[in-house]
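Each ligand, and each atom within it, is numbered from 1 in the order the structure gives.
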Amino acid sequence: MSVVTSVCCYCGTGCGVLIEAESGKITGVRGDPAHPANRGRLCTKGATLHLAAAASGRARVPELRRDKGAPRERVDWETALDHAADRFRRIIREHGPDAVAFYISGQLTTEAYYVFNKLAKGLIGTNNVDTNSRLCMSSAVAGYKATLGADAPPGCYDDIESAGTLFVAGSNPAYAHPILFRRIEDARRANPDLRLIVVDPRRTDTAAEADLHLAILPGTDVALYHAMLNVMLWEEWIDRAFIAAHTDGWAALRDRVRDYTPEKVAPICGVPVADIVQAARWFAQGPTLSLYCQGLNQSSCGVDKNAALINLHLATGQIGRPGAAPLSLTGQPNAMGGREVGGMANLLSAHRDLDNPAHRAEVARLWGVEAVPERPGRTAVELFEAVRRGEIKAVWIACTNPAQSLPDQNRVHEALQAAECVVLQDAYADTETAAYADVLLPASTWGETDGTMTNSERRIARVRAAVPPPGEARADWAIATAFARRLDPARGPRLFPYATAEAVFNEHRETTRGRDLDITGLSWEMLDSGPQQWPFPAGAAAGQVRLYGDGVYPTGSGRARFHAAPYRQVAEPIDARYPLHLNTGRMRDQWHAMSRTGRVARLFAHVDAPRLAMNPSDLERRRLKDGDLVRVKSRRGEVVVAAEASEAIRPGQCFLPMHWGARFMGGHGVNALTLPLFDPASKQPELKHAAVQVARADLPWRMAALAAGDGTTLLDAVQPLLRACDYAAAGLAGRERDVLTLRLAHSEPLPEALLAAFDAALGLDDPLAVMRYQDRKRGVAKRVRVEQGKVVAARLTGETAAFAWLRDAVVEGVEAASLRAWMLAPVARPPAGGGGRGRIVCNCLDVGEADIVAAIAAGADLAALQSALKCGTECGSCVPELKRLVAARRAAA
Ligand SMILES: Nc1nc2c(c(=O)[nH]1)N[C@H]1C(S)=C(S)[C@@H](COP(=O)(O)OP(=O)(O)OC[C@H]3O[C@@H](n4cnc5c(=O)[nH]c(N)nc54)[C@H](O)[C@@H]3O)O[C@H]1N2
Ligand SMILES: Nc1nc2c(c(=O)[nH]1)N[C@H]1C(S)=C(S)[C@@H](COP(=O)(O)OP(=O)(O)OC[C@H]3O[C@@H](n4cnc5c(=O)[nH]c(N)nc54)[C@H](O)[C@@H]3O)O[C@H]1N2
Ligand code: SF4
Ligand SMILES: [Mo]
């Protein structure tokens with residue numbers, strides 16, 4: 001067995017992992033005790049990386065569609081790359097370089113990012129290279145630059161332990177950065193005076209842990225932060241000496257916030273005056289560490305939100321010392337690295353700006369090209385809109401799934417349909433975007449690839465290959481390099497001479513010389529012995545832990561700048577027709593469109609299907625109850641999901657997870673609803689707010705199905721049904737083996753032919769192995785396939801009440817004999833006592849909600865739960881939820 005050190009490929013926390021491998025297969029993963037981000041811990045997603053790595057569904061060979069409408073055929077790499085190069089060359093010749101574009105990802109290594117950026121801007125001469133970080137970090141980038149002068153998070157994770165106040169805004173680390181949240185829990189245990197303030201419209205598990213939760217109305221952050229500053233001014237809690245010595249623009253901001261009295265702002269934000277005052281007091285007392293993420297960034301005023309929060313740090317001098325910093329959390333594992341190499345339509349290598357002629361000249365010289373084009377490239381939403389309009393004719397997509405994650409999906413699908421040539425470079429072959437790929441290039445991924453990534457605290461770590469990639473898959477940087485050489489046989493080989501990721505890293509390192517993120521003191525070998533923070537200039541003994549301790553900011557004047565923008569409401573306010581605010585975001589155990597986590601059955605145990613969370617009063621008003629199917633409509637599209645009563649959501653709002661796309665549900669998922677409007681400065685779209693209406697979906701025909709087997713194969717088999725039904729939710733269950741779970745609803749019975757094909761795919765058509773019950777009059781049918789006395793597949797049509805019970809039966813492999821009575825009965829109710837185990841709250845130790853709730857009802861608190869059921873004793877990801885369940889029981893009592 002070999003053990004290789006790398007980092008987790010999920011969130012920006014950047015946990016170190018030890019990958020165990022045997023005979024070319026990844027067999028296990030452990031937290032790296034030596035990595036400073038996690039010191040050996042992993043969350044539910046990180047701890048199951050080896051299961052994701054073992055799953056099927058990978059893209060293994062290049063595929064090519066020669067004519068639109070034809071199927072893709074398997075080709076060799078030469079053919080695939082030559083075809084792509086021919087297409088790109090011809091389009092560039094006929095329509096100019098801006099007729100092609102690259103749409104890449106914060107999940108690529110820094111080296112792959114670097115090569116793509118140089119390929120577009122240096123070789124082809126277009127700035128049309130943008131990334132999913134536009135949907136994620138661009139407001140944070142612009143917010144930092146507007147205030148502090150550079151895109152550099154000044155704090156670090158250790159600040160959690162030195163802080164007096166943690167100000168968590170628009171961020172749900174209990175779900176999205178779990179290991180950081182473990183550190184917050186630990187820090188609060190060690191220091192009971194460490195205050196936690198959470199600003200989030202929802203009562204998330206993070207908010208439930210807070211000393212003060214400001215459940216602001218959607219999009220009202222700027223008003224809140226201005227009001228806090230107003231209080232600070234009034235109470236003399238600001239740091240006048242710091243303001244005088246280190247900042248510009250104070251007078252304008254002071255004038256701006258004069259009107260934002262807590263009394264005026266309280267109704268705008270929907271929070272009590274006293275809470276605004278309390279937040280201002282604790283913030284000013286400090287030391288204050290702000291942690292913020294998409295609740296601020298994904299907004300039509302995302303830059304103003306970021307800057308208004310940084311204003312508070314500057315006004316109180318809460319920056320540049322231990323425990324005091326505005327620390328924007330990065331979402332993807334390398335959202336930071338992509339920014340370092342300037343991998344966006346408006347940026348250039350090493351934090352240089354495209355609109356700066358001197359920067360363009362510098363980069364052209366470093367790259368050895370004549371010039372870098374001046375005209376800014378198209379940003380994510382604009383880019384796909386230009387594809388739709390035919391202005392961009394060829395798009396190269398790498399390591400992202402725009403057919404699920406961009407807003408206003410109907411238009412994105414039109415765009416992908418309209419494109420002359422779509423090249424997709426992905427590790428998996430079955431994503432929503434893959435359906436549109438004319439050229440599909442198989443990429444190696446986590447555990448198979450070499451390079452570096454930078455986490456939220458500017459810490460660069462090596463990612464390493466533990467096993468060879470499957471089939472003919474290649475490293476992302478190598479694919480881009482090979483394409484560049486073919487596209488321009490004259491200049492390509494000279495400009496892209498790389499034989500290793502290290503060679504790319506070395507070139508990137510040189511571009512940082514003298515820049516704020518200078519890493520010229522760092523070498524590949526040094527990174528091999530452990531991750532390092534930037535800046536790390538030549539001659540330095542170590543990376544810089546915190547920035548701006550000297551009070552000097554990279555703004556030109558050396559002084560930080562206040563940002564005095566007024567509060568603006570969300571781009572699409574609610575009205576009589578669309579009366580609910582739709583909020584979107586993450587679940588604990590899924591990652592984005594689930595191309596990886598959606599193959600690990602146990603990661604569905606916590607949340608098995610997308611549900612629209614609504615306040616119980618909003619359900620009642622619509623005569624709906626928990627579990628009813630609802631049609632959610634916006635001005636752009638609709639989805640059908642189950643509604644869920646949730647006290648965590650305020651009246652007038654609702655929340656839908658972002659993860660489920662067309663592979664797991666009917667329609668295009670949550671982004672069928674969202675709007676393509678974006679922040680004018682950062683161009684980041686407002687993915688967190690859309691106005692929607694919600695009404696009962698009357699879908700009388702119901703079906704549910706289960707089957708044990710290979711998850712990916714089973715999910716492939718159900719795709720035709722997902723597309724045919726008004727409501728569909730597919731997922732996996734189980735631990736030792738995958739069990740497909742499928743629930744469908746439709747306005748009328750599905751055509752018999754579709755059902756017959758489905759039965760055939762799941763082996764439910766074999767008269768020798770299948771028990772059948774049919775009541776034509778009532779439209780009820782049951783089919784159960786039995787193998788060696790155990791249930792391995794089932795389909796319930798018409799009456800699906802036994803679904804949860806049957807799922808647990810299939811997962812646990814119960815004897816089919818015990819089902820006989822139920823099978824033959826006209827009533828479809830499960831046998832007495834068969835209520836199912838409910839959601840699995842603790843994933844590591846497989847503990848279900850039903851057992852937990854029963855123990856709490858019998859008097860258990862957190863400690864008793866942990867000792868009796870062992871839940872929450874392994875990775876700790878479920879501890880916030882266990883606490884919430886205990887608290888809910890107390891409140892009810
Ligand atoms: N489990 C899991 N973890 C992940 C990911 C994942 O897919 N799954 N993805 C990673 C990525 S790429 C990212 S970017 C991060 C995102 O991490 P987060 O930003 O923490 O996660 P989200 O759930 O998108 O949104 C955070 C919160 O913003 C709140 N919010 C909505 N509107 C507003 C508002 O107007 N003001 C404020 N103050 N809050 C608001 C939402 O209610 C939500 O709770 O997570 C990373 N980690
Ligand atoms: N409504 C709503 N929409 C959102 C958000 C939201 O909060 N709400 N959040 C937005 C945010 S912050 C983000 S970051 C985006 C994320 O959106 P996407 O980037 O679309 O999400 P992923 O599913 O992570 O896509 C990554 C793709 O890369 C593939 N892949 C994995 N590893 C590799 C590799 O090593 N190489 C290559 N070439 N491919 C690989 C995966 O199979 C997958 O298809 O979603 C955005 N969309
Ligand atoms: S917190 Fe979880 S998902 Fe994020 S890097 Fe660590 S192990 Fe991976
Ligand atoms: Mo993100």
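- With rounding to the nearest 0.5 Å, the separation of CZ in Arg636 from CG in Asp408 is 6.0 Å.
- Partner Arg459 forms a side chain to side chain contact (heavy atoms under 4.5 Å, CB included) with one of His35, Met453, Gln532 and no other, that one being His35.
- Two rings, from His413 and Tyr436, have their centers less than 6.0 Å apart.
- Contacts of Ser56 classified as side-chain contact (heavy atoms from CB on, under 4.5 Å), with partners at least two apart in sequence or in another chain: Asp710, Thr712.
- Partners of Cys399 under the side-chain contact (heavy atoms from CB on, under 4.5 Å) rule, at least two apart in sequence or in another chain, are Ser105, Gln107, Leu108.
- Salt-bridge formation is not detected for the pair Arg134/Asp679: no Lys NZ or Arg NE/NH1/NH2 atom is positioned less than 4.0 Å from an Asp or Glu carboxylate oxygen.
- Taking a cut-off of under 4.0 Å to the non-hydrogen atoms of Gly14, the atoms of ligand 3 that pass are 5 (S).
- Nearby protein atoms of type N, O or S around atom 2 (Fe) of ligand 3 amount to 1 (distance under 2.8 Å).
- Between Arg663 and Glu432 there is no salt bridge, since no side-chain nitrogen of the basic residue lies less than 4.0 Å from a carboxylate oxygen of the acidic one.
- With Tyr103 as the partner, the ring pair (Phe, Tyr, Trp, His ring centres under 6.0 Å) test is satisfied by one option alone out of Phe116, Phe384, Trp396: Phe384.
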N or O contacts of ligand 2 with protein under 3.5 Å, please list pair by pair.
from, atom 1, to, atom 2, distance (Å)
ligand 2, 1 (N), Thr584, OG1, 3.2
ligand 2, 1 (N), Asn671, OD1, 2.8
ligand 2, 3 (N), Asn671, OD1, 3.4
ligand 2, 3 (N), Asn671, ND2, 3.1
ligand 2, 7 (O), Gln298, OE1, 3.2
ligand 2, 7 (O), Gln298, NE2, 3.3
ligand 2, 7 (O), Arg586, NH1, 3.2
ligand 2, 7 (O), Lys688, NZ, 3.0
ligand 2, 8 (N), Thr584, OG1, 2.8
ligand 2, 9 (N), Gln298, NE2, 3.0
ligand 2, 9 (N), Arg586, NH2, 3.1
ligand 2, 17 (O), Ser405, OG, 3.2
ligand 2, 19 (O), Asn132, ND2, 2.7
ligand 2, 19 (O), Thr400, OG1, 2.9
ligand 2, 20 (O), Thr400, OG1, 3.2
ligand 2, 20 (O), Asn401, N, 2.8
ligand 2, 20 (O), Asn401, O, 3.4
ligand 2, 20 (O), Ser405, OG, 2.6
ligand 2, 21 (O), His592, ND1, 3.3
ligand 2, 23 (O), Ala593, N, 3.1
ligand 2, 24 (O), Gln107, OE1, 3.4
ligand 2, 24 (O), Gln107, NE2, 2.8
ligand 2, 24 (O), Trp591, NE1, 3.2
ligand 2, 24 (O), His592, ND1, 2.8
ligand 2, 28 (O), Cys399, O, 3.3
ligand 2, 32 (N), Thr445, OG1, 3.0
ligand 2, 32 (N), Arg596, NH2, 3.0
ligand 2, 35 (O), Ser444, O, 3.2
ligand 2, 35 (O), Thr445, OG1, 3.0
ligand 2, 36 (N), Asp476, OD2, 2.8
ligand 2, 38 (N), Gln425, O, 3.0
ligand 2, 38 (N), Asp476, OD1, 2.8
ligand 2, 39 (N), Ala427, N, 3.4
ligand 2, 42 (O), Asp426, OD1, 2.6
ligand 2, 42 (O), Ser595, OG, 2.7
ligand 2, 44 (O), Asp426, OD1, 3.4
ligand 2, 44 (O), Asp426, OD2, 2.7
ligand 2, 47 (N), Ser405, O, 2.8

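- With Arg599 as reference, Asp430 is the one residue of Leu51, Asp430, Leu715, Thr48 to meet the side chain to side chain contact (heavy atoms under 4.5 Å, CB included) rule.
- Remark: Glu111 CD to Trp477 CH2 distance equals 9.5 Å, nearest 0.5 Å.
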